[in-house]
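Shown next, in structure tokens, is the structure this report addresses.
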2 protein chains.
Amino acid sequence: MPHDEERQRRSRATGRLTLADVAREAGVSPITASRALRGTRGVDPALVLRVQEAAARLHYVPDPAARALASARSAHVAVLIPLLSNALFVDLLDAVQRTLMPAGYVTLIGVTHYDAAEEEALLRNYLAHRPSGLLVTGLDRTPDAAALIAASGVPCVHLMETSASAGQYSVGLSQQAAGRAITEHLLAASRRRIAFVGAQLDPRVLQRLEGYREALRAAGAHDPGLELLEPAPSSLALGARLLERLLARRPDVEAVFFCNDDLAQGGLLAALRLGVAVPGRLAVAGFNDLAGSDQMLPPLTTVRTPRAEIGRAAATMLLRLMRGEAVEPASLDLGYELVVRGST
Amino acid sequence: MPHDEERQRRSRATGRLTLADVAREAGVSPITASRALRGTRGVDPALVLRVQEAAARLHYVPDPAARALASARSAHVAVLIPLLSNALFVDLLDAVQRTLMPAGYVTLIGVTHYDAAEEEALLRNYLAHRPSGLLVTGLDRTPDAAALIAASGVPCVHLMETSASAGQYSVGLSQQAAGRAITEHLLAASRRRIAFVGAQLDPRVLQRLEGYREALRAAGAHDPGLELLEPAPSSLALGARLLERLLARRPDVEAVFFCNDDLAQGGLLAALRLGVAVPGRLAVAGFNDLAGSDQMLPPLTTVRTPRAEIGRAAATMLLRLMRGEAVEPASLDLGYELVVRGST
DNA sequence: CTGAAAGCGCTTACAG
DNA sequence: CTGAAAGCGCTTACAG
């Protein structure tokens, strides 16, 4: 057939199997095949079956680029988190992916390293891929970053915090309430001189600090000299160093609330090394309940945050928003749980 | 203009800024605008400038779906790793993303959880997005998974191991040589009854075990009764339990090579709890040099693996393959480094 | 060095 | 419930 030869000569055909092949195989038009495969209702069930069988027989796989171009909606969800080296975010991501993938979405993961400029760059980059949805960590960002999100019109759910502002979707917990609770636990163990040791100083750490202050002020035991704030990133080594610094500066300290378990584990190991009895002389608490905290000597008292549940709920909320459904309430507080172990 | 009205009425126009708008603004044809923006050579530099300025002025962002459809090549690279809760893979990923993103690629990250079926499902899912490149962990996979990769024709680089087989691209290190080296270090510290404690039992752990056996056989000190193999996933808690089991079974053991630092840290903490002197009565070594290993009591002797370098080199190699360039050699061995600390 | 035409593989909007 | 036409926003292949 000369027509086919001509086509072949000038063609840019990729040789790939297309919807047209499936339609031909099933004896229907491409549009019907498209509808049958997407599960659009209002197609004769017999035809749906025929098309599905034809697609399976030919091992047909739809082209996401063509689909995205024609429908103006991609299968991408962009997820921005500060760090992957924190088990918290790993658990969060795992839950997000397990929820989104069965729904046909693929995640674009961006790591901001707690850097506002990097977050902005990632946002610009990922938004250029026209994702159908957006998951970001926390509520605070640069005005430019916030404007980028708003201007994109892409549905967005904020992770790890709870939001009061209208039109802001979020799933998380009250970091401040959790910080208050663990401090109250320390007070209940008859400690008065309770220190706060924080690093990284991202918004959630500062909210925990606020909770700590609340609890101590209520007990009339707040002492700013017991707050040790370090902007460097958290690590076991930093936790150890900060405990030593605290002990040197305030030998009278009776308890420490480390803003996360990495720091607390390092502090616990330093106490062991220095021969500081825990909890005898010093009670120690952490935050997040990370791997290994239950193996410390003594096991670490901490706050368990429901990150898997947060990931699942946030992804589910986003799925609804992407379908254009109304979501109520816009903000979900999934709480926290005190895990009391030997260190307090 | 009635024509425009007609267009508007029937139109599916997204209202987005297109290449045609940029071309009009710059006073050139869309093809020229396309070429100018993509940096195709053979375009008048003056025109390139004019188009770039027009694009910037209008804040034009190309549509990746249209680009992918027209050019038959996506901007995606799929990356498959076993776990995100292992710092090793986090460092690897970070390096991969930092290399790939500036080149205009976006990564699709898939976590297999060391599950062959899950890897296959992820592969199928991500391959459907027609990525331009593929990065997978290790060389061993199910025949179906390997066939999927081969049939896709997508350039693929294997991570963490070195490959002997032709046509297999890989960047990593000899896990076996590293396992042998750390065992020889233990032998050099005049230990004879050296145990191997392994979990997860993925191919790389088994290669380390092979290196351990090699070293012990060469020294005439191999004793199968000192091998403790546990298929469960690694964790500090498991390391502690396995050390206790080992000590109960073989009180005469003089040294332990844990197949990774998670296990070794747990073992070290258990030894501390049990009052087993390290390295006095028992020498302990790990693998990977993870965060916290230098903070243990005593600090953990381990093997540092160059995962950031591996990530960077593998991504660079993939970039070449995606450009259709020849890559020589196909397999890169980036080595390892013994980190001797207090535990041996 | 530049451009008019055609096409990538889907889905939308309309008509029947 | 089904389909012919048009279009999504780019790039390829060809011609000049």
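These numbers were taken from a predicted model, which means no experiment stands behind them. In what follows, chains carry the letters A, B, and so on, assigned in the order in which the sequence lines appear, proteins first and then strands, with residues in each chain numbered from 1.
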Starting at CG of Leu69(A) and ending at P of dG7(C), how long is that distance when rounded to a whole Å?
17 Å
With salt bridge (Lys or Arg N to Asp or Glu O under 4.0 Å) as the rule and sequence neighbours excluded, what pairs involving residues 73-84 of chain A come up?
none
Would you kindly give the CZ-to-C1' distance between Arg16(B) and dC8(D), to the nearest whole Å?
8 Å
Taking only residues two or more places apart in sequence or in another chain, which ones pass salt bridge (Lys or Arg N to Asp or Glu O under 4.0 Å) with Arg41(A)?
none
Of all of residues 24-34 of chain B, which get a heavy atom below 4.0 angstrom from DNA chain D, listed by number?
Ile31(B), Ser34(B)
List the atom pairs, with distances to 0.1 Å, where a side-chain N or O of residues 44-56 of chain B and a protein N or O form a donor-acceptor pair under 3.5 Å, not counting sequence neighbours.
unit_1   : atom_1 : unit_2   : atom_2 : d
Asp44(B) : OD1    : Ala46(B) : N      : 2.9
Arg50(B) : NE     : Ala26(B) : O      : 3.0
Arg50(B) : NH2    : Ala26(B) : O      : 3.0

What is the separation between atom CG on Leu19(A) and atom P on dA4(D), rounded to the nearest whole Å?
14 Å
Measure the distance from CG on Asp63(A) to C1' on dT11(C) and round it to the nearest whole Å.
13 Å
Let me have the donor-acceptor pairs involving side chains of residues 90-100 of chain A, under 3.5 Å, with sequence neighbours excluded, atom names and distances please.
unit_1   : atom_1 : unit_2    : atom_2 : d
Asp91(A) : OD2    : Arg307(A) : NE     : 3.0
Asp91(A) : OD2    : Arg307(A) : NH2    : 3.3
Asp94(A) : OD2    : His113(B) : NE2    : 2.8
Gln97(A) : NE2    : Thr107(A) : OG1    : 2.5
Gln97(A) : NE2    : Ile109(B) : O      : 3.2
Arg98(A) : NH2    : His113(B) : ND1    : 3.4
Arg98(A) : NH2    : His113(B) : NE2    : 3.2
Thr99(A) : OG1    : Ala95(A)  : O      : 2.8

In numerical order, the residues of residues 36-52 of chain B whose heavy atoms come under 4.0 Å of DNA chain C are Gly42(B), Val43(B), Asp44(B), Leu47(B)
side-chain N/O Tyr60(B) vs dC10(D) OP1/OP2, d < 4.0 Å:
yes
Enumerate the side chain to side chain donor-acceptor pair (under 3.5 Å) contacts for residues 57-66 of chain A, please, sequence neighbours excluded, ordered by first and then second residue.
Arg16(A)-Asp63(A), Glu25(A)-Arg57(A)
Could you list all the side chain to side chain donor-acceptor pair (under 3.5 Å) pairs where at least one residue sits in residues 126-135 of chain A, not counting sequence neighbours?
none
Hits for side chain to side chain donor-acceptor pair (under 3.5 Å) against Glu119(A), two or more places apart or cross-chain, chain-then-number order -> Arg141(A)
Residues Ser331(A) and Thr162(A): side-chain donor-acceptor under 3.5 angstrom:
no
Ala20(A) vs Arg35(A), nearer the 5' end of DNA chain C by closest nucleotide
Ala20(A)
Who passes ring pair (Phe, Tyr, Trp, His ring centres under 6.0 Å) against His158(B), sequence neighbours left out?
none
Dot-bracket for DNA chain C, please, read 5' to 3', with Watson-Crick or G-U wobble pairs under 3.5 Å on both distances, ( ) within the strand, [ ] crossing, | other strand, . unpaired.
|||.||||||||.|||
How long is the straight-line distance from CD1 of Ile81(A) back to OG1 of Thr112(A), given to the nearest 0.5 Å?
8.0 Å
Return the set of residues passing side-chain contact (heavy atoms from CB on, under 4.5 Å) with Val61(B) (not counting sequence neighbours), or none when no residue passes.
Ala128(A)
Within this structure, what is the CZ-to-P distance between Arg67(B) and dG9(C), rounded to whole angstrom?
19 Å
